[in-house]
Amino acid sequence: MRAPEVGGVRLPDGRGQVLRLAQGASLSDFADKIDVNPSQLVQALFNLGEMVTATQSVTPETLQLLGEEMGFKVQVVSPEDEDRELLDSFDLSFGEDEGGEDDLEIRPAVVTVMGHVDHGKTRLLDSIRSAKVGEGEAGGITQHIGAYQVTVPVDGYDRTITFIDTPGHEAFTAMRARGAKSTDIAIIVVAADDGVMPQTVEAINHAQAADVPIVVAVNKIDKEGAQPDKIRGQMTEYGLVPEEYGGDTMFIDISAKQGLNIDSLLEAVVLTADASLDLRANPDMDAQGVAIEAHLDRGRGPVATVLIQRGTLRVGDSIVAGDAYGRVRRMVDEHGEDVKEATPSRPVQVIGLTSVCGAGDTLMVVDEDRTARQIADRRNARKRNAMAARSRRRISLEDLDSHLKETSQLNLIIKGDNSGTVEALEEALMGIEVDDEVQLRVIDRGVGAVTETNVNLATASDAVIIGFNVRAEGKATELANREGVDIRYYSIIYQAIDEIESALKGMLKPIYEEKKLGQAEIRNMFRSSKVGNIAGCMVLDGIMRRNAKARLIRDGNVVVEEMTVSSLRREKDDATEVREGFECGLTVTYSDIKIGDVIETYELVEKPRD
């Protein structure tokens, strides 16, 4: 059988062979798998109408298309599968308890508090742990994820509950979804005087998608106009039927401000956990967990808030979290006190990573630092490739010309005080809907202060720097002023989104609509050696204006679409415009005019955008 030709290039016959390629793989990676020269694949794709270099990350669709042409079945491995294969290569596994039933011990429930903005989530946590969080937040809105542990007496026994506080603004959907995935029970907070709102529905969807039990806290029952029964009726529409209506969801009426029924809510959480969940983990294995939050601390370096899910994390352990690695130098609890070890469901701040991991990254203990570094480096390379493939715009030969024309693009560099906020802000900004003619591109993102390196990158790529709860350090401000780099500082996410959206809309090319000025009929023709044909006209309606755009109409048909009235006279005097009912002489930038032709003048007026 002859080898197949792809775009005129003879390539191997796959004959149904399955190829597994990572997301963001290049043509060189593809070529290595089938033992051909990468230049052949580059040539084949070029002939098929797409230009890609050998080392450039390409989209999964391109890899699959190329594979099909040769008879290969290309499987693009998901990041999760690739990570699993990576860990398998190091004889590691994540998400499983080692040992048998006898090794499992009861662990505290991990609870996420969710709900609509300003419905009292943070005030509820304040009431539970008697700590003020909301007063220190910009605009009274929770900007970060925090994790806290509280002890509550239930049926004469002290029970521990771990709380994760997720922000409520819709722009933080990604962070809130991640909070639901790392939790056992979700408390949905609904204001009794406000009802079910869009973000309440989002929170319910996240919790149900994560398949976690839900306890509903009906807050603000002390306020005038509170209707707890109405809330119960509304929540049944989303599959949350109260126990008193014959359902299995516990509804507790509370007032976070007055501290009413907080004990009942905590008891409901414990009872729901006991009834619905088997909360056990092996504390004697190497620790595994999830990074709830991470930020760069000026004095302590990268700091990650970690929730241990199984095993015990100890000071001195070699760890890897996402594409960050290191050794646990110190662990701090929510009260700022040092702890030597963290057992399942215990949230701690970990100090000792070499870089800032991402919110939601898995953390695991490995045997030695070298293994941690190798895993982190491979994850980092995979993430870069996947990002390059996602951001690469496919360019075909057909649209090359239009691509080379000047396009409006706003480049951004995002710096924030922690990785979860940076990710959420980027997602919110990329979701701004503007016309296709304007593009928003985030060329760099990171945690920590704005540095000179950021300013230099912004200078080279004409980017705007956004600092969220961070400021420029050292000589970065001076350099930015010298280079003319715009650094915008924000502490509330709404403002950043609004300003960027306004900037994008300001970059849109103006839309013009035509406004008719008037028509004149040519009644006579004069010949001038200096200016050529002069038309003697009668203005039929509107006005004739000098330098106005015009079109020539002959027998009802447009002969010339675009010309200009180059000169205009009224009798012997030059005129700026001549009105309806008067005669005039004019010349246009088109010589083949005849008696009986109609000259129609118009202007283009900028149309305001919606």
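Quick note: numbers below take in every heavy atom, side chains included, and nothing from hydrogens, waters or symmetry partners. Index from 1, following the sequence.
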Would you say [X]'s side chain and [Y]'s backbone share a donor-acceptor pair under 3.5 angstrom?
X      : Y      : result
Ser127 : Arg123 : yes
Thr183 : Thr112 : yes
Asn261 : Asp253 : yes
Asp361 : Gly358 : yes
Lys220 : Ala191 : no
Asp286 : Val366 : no
Gln234 : Val196 : yes
Asp377 : Gln374 : no

Would you be so kind as to tabulate the donor-acceptor pairs closer than 3.5 Å made by side chains of residues 316-323, with sequence neighbours excluded?
| unit_1 | atom_1 | unit_2 | atom_2 | d |
| --- | --- | --- | --- | --- |
| Asp317 | OD2 | Arg314 | N | 2.9 |
| Ser318 | OG | Asp369 | OD1 | 2.5 |
| Asp323 | OD2 | Lys383 | NZ | 2.8 |

Please report the shortest heavy-atom distance between Thr451 and Ala476, naming the atom on each side.
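So the minimum-distance heavy-atom pair works out to C-CB, 3.8 Å.
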
Please tabulate, for the side chains in residues 343-357, all donor-acceptor contacts under 3.5 angstrom to protein atoms that are two or more places apart in sequence or on a different chain.
| unit_1 | atom_1 | unit_2 | atom_2 | d |
| --- | --- | --- | --- | --- |
| Ser345 | OG | Arg107 | NH1 | 3.0 |
| Ser345 | OG | Pro108 | O | 2.7 |
| Thr354 | OG1 | Tyr325 | O | 2.9 |

Could you list the residues that satisfy salt bridge (Lys or Arg N to Asp or Glu O under 4.0 Å) with [X], not counting sequence neighbours?
X      : value
Arg373 : none
Asp297 : Arg300
Lys223 : Asp193
Arg471 : none

Heavy-atom check, side chain of [X] versus side chain of [Y], under 4.5 Å:
X      : Y      : result
Val422 : Phe468 : no
Met114 : Thr200 : no
Tyr489 : Ile487 : yes
Ile493 : Leu425 : yes
Ile204 : Leu240 : yes
Arg441 : Leu410 : no
Asp338 : Val332 : yes
Met331 : Leu313 : yes

Residues forming a side-chain contact (heavy atoms from CB on, under 4.5 Å) with [X], sequence neighbours excluded:
X      : result
Ile432 : Leu429, Val434, Ile497, Ile500, Glu501, Leu504
Glu237 : none
Lys340 : none
Glu105 : Pro283

For Arg445, which of Glu427, Glu423, Glu426 qualifies under salt bridge (Lys or Arg N to Asp or Glu O under 4.0 Å)?
Glu426

Verdict with reasoning, Gln149 to Thr162, per side-chain hydrogen bond (donor to acceptor under 3.5 Å, both in side chains)
CA-CA 4 Å; Gln149 233 177 22; Thr162 300; 3.1 Å; yes

Using side-chain hydrogen bond (donor to acceptor under 3.5 Å, both in side chains) as the criterion, list what pairs up with Asp278, not counting sequence neighbours.
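For Asp278 the side-chain hydrogen bond (donor to acceptor under 3.5 Å, both in side chains) partners, ignoring immediate neighbours, are Arg280.
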
For residues 264-277, which side-chain N or O atoms pair as donor and acceptor with protein atoms under 3.5 Å away, sequence neighbours left out?
| unit_1 | atom_1 | unit_2 | atom_2 | d |
| --- | --- | --- | --- | --- |
| Thr272 | OG1 | Ala268 | O | 2.7 |
| Asp274 | OD1 | Arg159 | NH2 | 2.9 |
| Asp274 | OD2 | Arg159 | NH1 | 3.3 |
| Ser276 | OG | Thr272 | O | 3.3 |

If you round to the nearest 0.5 Å, how far is OG1 of Thr453 from CG of Asp444?
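Atom-to-atom, Asp444:CG and Thr453:OG1 are 9.5 Å apart.
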
Counting heavy atoms not belonging to Asn205, are there more than 12 under 6.0 Å from its CG?
yes

